[in-house]
Amino acid sequence: MQSLNVISIEYHDFVFLSKNGNPIKNSTYNKDLQRICKKAGIAHFSMHTLRHSFATRCAEAGMQPKTLQSILGHSNIGVTMDIYVHCTEDRKAQEMKNIASMLKVI
């Protein structure tokens, strides 16, 4: 008969846990990601880089800044918007096109 692993209530909202029921360390994710990047023949990036990308894409998609701040767990909106959300060249170009279109209508 197979035994069941009981997960500590402390980690009930975590998506990934180790075999012993504890959170997986960031270094483990980064090592796995480095291996995957090498196998794919692309430049290595970190899990933290993905966090910045996630924040930027959420902002570009129109997510409310306070919602994004809450998801990222920042106590200060400045950290979210000034450090994690980045303005891409494509986004700047699109915003300028939007302004130009609005000015043509007026």
Side-chain angles (χ1 to χ4, degrees):
M1 183 189 313
Q2 188 178 12
S3 64
L4 296 174
N5 282 340
V6 178
I7 297 171
S8 169
I9 192 70
E10 177 180 11
Y11 305 124
H12 76 281
D13 58 347
F14 281 61
V15 176
F16 301 109
L17 297 173
S18 66
K19 290 178 186 176
N20 62 6
N22 292 318
I24 297 173
K25 295 178 183 176
N26 286 341
S27 60
T28 302
Y29 290 118
N30 282 325
K31 286 176 189 172
D32 288 343
L33 187 55
Q34 184 175 15
R35 181 182 45 77
I36 291 167
C37 288
K38 185 175 182 176
K39 187 174 181 179
I42 60 175
H44 174 253
F45 54 91
S46 69
M47 293 299 288
H48 196 74
T49 300
L50 292 177
R51 183 172 165 87
H52 283 256
S53 297
F54 172 78
T56 299
R57 298 301 170 253
C58 286
E60 287 177 345
M63 182 181 284
Q64 294 296 310
K66 291 299 282 184
T67 303
L68 182 56
Q69 174 191 358
S70 177
I71 290 169
L72 293 177
H74 297 148
S75 60
N76 183 318
I77 191 70
V79 171
T80 304
M81 298 309 292
D82 296 337
I83 297 173
Y84 280 82
V85 175
H86 304 281
C87 183
T88 64
E89 293 301 317
D90 288 344
R91 188 61 178 196
K92 284 193 278 188
Q94 183 59 49
E95 294 292 347
M96 292 306 292
K97 285 179 186 176
N98 292 348
I99 293 294
S101 294
M102 285 191 288
L103 292 175
K104 288 178 186 176
V105 172
I106 297 175

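In this text, all values refer to a predicted model and were calculated from it rather than measured experimentally.
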Quick check: does any side chain N or O of [X] sit under 3.5 Å from a backbone N or O of [Y], one acting as donor and the other as acceptor?
X   : Y   : answer
R51 : L72 : yes
Q69 : H74 : yes
T49 : F45 : no

Going by atom types alone, do Q94 and D90 pair a side-chain donor with an acceptor below 3.5 Å? no
Are N20 and S18 linked by a side-chain donor-acceptor pair shorter than 3.5 Å? yes
Donor-acceptor contacts under 3.5 Å from residues 27-34 side chains, at least two apart:
residue : atom : partner : partner atom : Å
N30     : OD1  : M47     : N            : 2.8

Would the Y84 and H48 ring centres measure less than 6.0 Å apart? yes
Report the residues that fulfil side chain to side chain contact (heavy atoms under 4.5 Å, CB included) with [X], sequence neighbours left out, ordered by chain and then residue number.
X   : result
S70 : none
I71 : F54, M63, T67
N76 : V79
M81 : P65, I77, V85

If you measure from CG on L17 to OH on Y11, what distance do you get to the nearest 0.5 Å? 8.5 Å
Given side-chain contact (heavy atoms from CB on, under 4.5 Å), test H86 with H52 step by step and report yes or no. CA-CA 8 Å; H86 304 281; H52 283 256; 2.8 Å; yes
Hey, could you give me each pair passing salt bridge (charged side-chain N to carboxylate O under 4.0 Å, His left out) that has a residue in residues 69-83? Not counting sequence neighbours. none
Is the shortest heavy-atom distance from the side chain of E60 to the side chain of T88 under 4.5 Å?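 Touching, per the 4.5 Å side-chain cut-off.
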Pair K92 + E95, salt bridge at N-O below 4.0 Å: no
Consider only side-chain heavy atoms of I, L, V, M, F, W and Y, link residues closer than 4.5 Å, and tell whether L50 and L68 are in one cluster.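 Different clusters.
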Please name the pair of heavy atoms, one in C37 and one in A43, separated by the smallest distance, quoted to 0.1 Å. SG-O, 3.8 Å
